[in-house]
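Contents: one structure, followed by commentary.
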Amino acid sequence: MELKRNVKDRWWRSLVHARDDIEGLDAAILMHPKVWEASGHVAGFTDPMVDCRTCKGRFRADKLTDARCPQKPSKVPGEHTACDLTEPRLFNLMFKTFMGPVEDTAAVVYLRPETAQGIYVNYLNVLNSSRQKIPFGIAQVGKAFRNEITPGNFIFRTREFEQMEMQFFVRPGSDMEWFEQWRAIRMQWHHDLGLTPSKLRWHEHGPGELAHYAKAAYDIEYEFPFGWQEIEGIHNRGNFDLGRHQEHSGKKLEYFDPQANERFLPYIVETSAGADRVTLTVMADAYREEEVEGEVRVVLGFHPRIAPIKAAVLPLTKKDGLPEVADALYHDVKRRFPSFYDDGGAIGRRYRRQDEVGTPWCFTIDHDTLTDRTVTVRHRDSMQQERIGLDQVVAWVAAKLEE
Ligand code: GAP
């Protein structure tokens with residue numbers, strides 16, 4: 001949870017706080033059902049699904065190679081002699097519920113399958129209540145829901161997940177230039193998160209792959225242990241969305257450019273990342289096993305800025321006044337950074353436990369601390385140790401996080 005929060009905070013800071021041309025928004029999950037008719041999701045947000053008449057398994061027809069036959073897991077569905085797959089059928093991924101006490105078709109509402117539409121229907125509100133001019137963006141982090149046929153790979157594909165989406169509104173004609181800029185910015189963000197660059201690549205959507213709204217689209221893919229998979233999409237949505245909302249609502253969504261004295265419907269460049277998926281990527285990328293003195297050391301080598309626990313405080317023993325000093329230090333550090341206190345077991349074991357959760361630094365209080373007021377800092381990655389002043393620990397961690 002802390003790790004995902006760090007991912008979301010970094011995303012928000014890089015887009016909303018660090019830039020002047022993006023506003024933040026928190027739109028509704030349940031919106032008027034006509035929003036989803038206008039967006040094309042009622043008609044077109046479908047996955048092809050096949051059933052196996054033999055084992056009753058249900059699979060995505062376009063992702064059969066990612067699935068396993070339940071009766072013969074070494075084969076993909078359809079390859080085993082007993083498999084008897086139906087023809088693909090289209091299946092709408094939106095979850096439905098009912099608004100008000102009457103459960104009839106007039107009361108159907110949808111749980112949003114993407115956060116983007118909440119931005120489009122609020123775009124004029126944001127434009128009119130901020131000092132933004134085109135080009136500008138609106139960013140949002142929030143839950144999305146999809147009735148996935150085959151959720152799996154831990155939190156890679158779930159039915160309820162969080163998206164970090166930003167919609168950038170631009171003048172028609174400048175859209176491809178912005179599209180390229182946003183591609184570069186978003187790839188750099190993943191590098192800055194500490195992900196291994198050689199495990200990141202681009203996948204360009206071919207004509208048959210493009211979503212119903214997209215004019216051009218690239219995915220950022222990561223090489224997971226289960227193969228190359230999408231973690232973020234960058235889409236040139238043209239004027240599809242605003243055009244459809246304008247048409248369905250009857251409300252003009254054009255922008256007036258006072259300098260050029262002209263009106264136009266903005267084009268949209270979208271960056272859309274999954275918060276859970278990026279969190280999984282950070283964990284997969286950070287995980288390593290190394291042999292140290294004949295034993296396997298498991299390390300989550302998170303970048304310190306993303307690590308869920310920044311520091312651990314460990315009294316060497318539970319006596320001689322060491323716990324009191326350690327406890328005071330722990331509370332000092334915890335006021336500034338998420339920290340952990342551990343006084344159980346041999347110090348080597350305690351270091352290993354912190355390695356496994358990715359804590360970059362451990363501060364050990366020993367008998368010398370009582371006389372010279374210094375502590376041992378033990379570094380997760382190098383396992384090296386150094387001594388610093390007890391009263392310098394908080395400033396030391398703060399400085400390290402700035403590096
Ligand atoms: N607004 C555009 C949009 O939603 P998408 O490619 O369908 O585009 C964007 O989704 C991102 O949302 C994906 O790259 C992925 O990170 C995340 N995502 C999509 N479906 C997901 C699911 N079922 N579970 C977890 N994350 C998901």
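Counting starts at 1 for both ligands and their atoms, following the listed order.
- At under 3.5 Å, a nitrogen or oxygen of Gly274, whether backbone or side chain, sits near a nitrogen or oxygen of ligand 1.
- Ion pair Lys133/Asp257 not flagged as a salt bridge, since none of the NZ, NE, NH1 or NH2 atoms sits closer than 4.0 Å to an Asp/Glu carboxylate oxygen.
- Salt-bridge check for Glu403 with Lys400: passed, with a basic side-chain N closer than 4.0 Å to an acidic carboxylate O.
- Of the heavy atoms in Thr115, none comes closer than 4.0 Å to ligand 1.
- Salt-bridge check for Arg350 with Asp342: failed, with every basic side-chain N at 4.0 Å or more from each acidic carboxylate O.
- Salt-bridge formation is not detected for the pair Glu291/Arg297: no Lys NZ or Arg NE/NH1/NH2 atom is positioned less than 4.0 Å from an Asp or Glu carboxylate oxygen.
- With respect to the salt-bridge test (charged N to carboxylate O, under 4.0 angstrom), the residues Asp355 and Arg380 do not qualify.
- Annotation: His235 places no N or O atom under 3.5 Å from an N or O atom of ligand 1; distance criterion only.
- Scanning the protein for heavy atoms near atom 18 (N) of ligand 1, the closest one is Phe161 CE1, 3.5 Å.
- Taking only non-hydrogen atoms, the option from Gln163, Glu160, Glu114 nearest to atom 10 (O) of ligand 1 is Gln163.
- Salt-bridge check for Arg349 with Glu295: passed, with a basic side-chain N closer than 4.0 Å to an acidic carboxylate O.
- For Ile231, a nitrogen or oxygen atom sits less than 3.5 Å from a nitrogen or oxygen atom of ligand 1, counting backbone and side chain alike.
- Between Glu290 and Arg288 a salt bridge is recorded (basic side-chain N to carboxylate O distance below 4.0 Å).
- Checked against a 3.5 angstrom limit, the closest N/O atoms of Arg157 and ligand 1 fall outside it.
- Judged by the shortest distance from any of its heavy atoms, Met164 lies outside the 4.0 Å radius around the atoms of ligand 1.
- The aromatic rings of Phe156 and Phe224 sit perpendicular to each other, their planes meeting at more than 60°, with 30° as the lower class boundary.
- Contact atoms of ligand 1 toward Glu270: 1 (N), 2 (C) (distance under 4.0 Å to a heavy atom of the residue).
- Only the side chain of Tyr213 comes within 4.0 Å of ligand 1, counting heavy atoms alone; its backbone N, CA, C and O stay farther away.
- Closest to atom 24 (N) of ligand 1, if we only count protein heavy atoms, is Thr158 N, 3.0 Å.
- Heavy-atom contacts of Phe156 reach the following atoms of ligand 1: 24 (N), 25 (C), 26 (N) (cutoff under 4.0 Å).
- What sits closest to atom 15 (C) of ligand 1 on the protein, heavy atoms only, is Arg277 NH1, 3.5 Å.
- Around atom 5 (P) of ligand 1, the closest heavy atom drawn from Glu165, Glu232, His205, Arg146 belongs to Arg146.
- Contacts of Gln167 with ligand 1, taken as heavy-atom pairs under 4.0 Å, are absent altogether.
- What sits closest to atom 6 (O) of ligand 1 on the protein, heavy atoms only, is Glu230 OE2, 3.0 Å.
- Looking at atom 9 (C) of ligand 1, its nearest protein heavy atom turns out to be Ser272 OG, 2.9 Å.
- Comment: Lys4 engages Asp276 in a salt bridge, judged by a side-chain N to carboxylate O separation of less than 4.0 angstrom.
- His205 and His203 have tilted rings, their planes meeting at an angle from 30° to 60° on a 0 to 90° scale.
- Two residues are said to be in side-chain contact when any heavy atoms from C-beta on lie closer than 4.5 Å; Phe168 and Glu270 fail this criterion.
- Interface of Arg237 with ligand 1, defined as ligand atoms under 4.0 Å from a residue heavy atom, comprises 1 (N), 2 (C).
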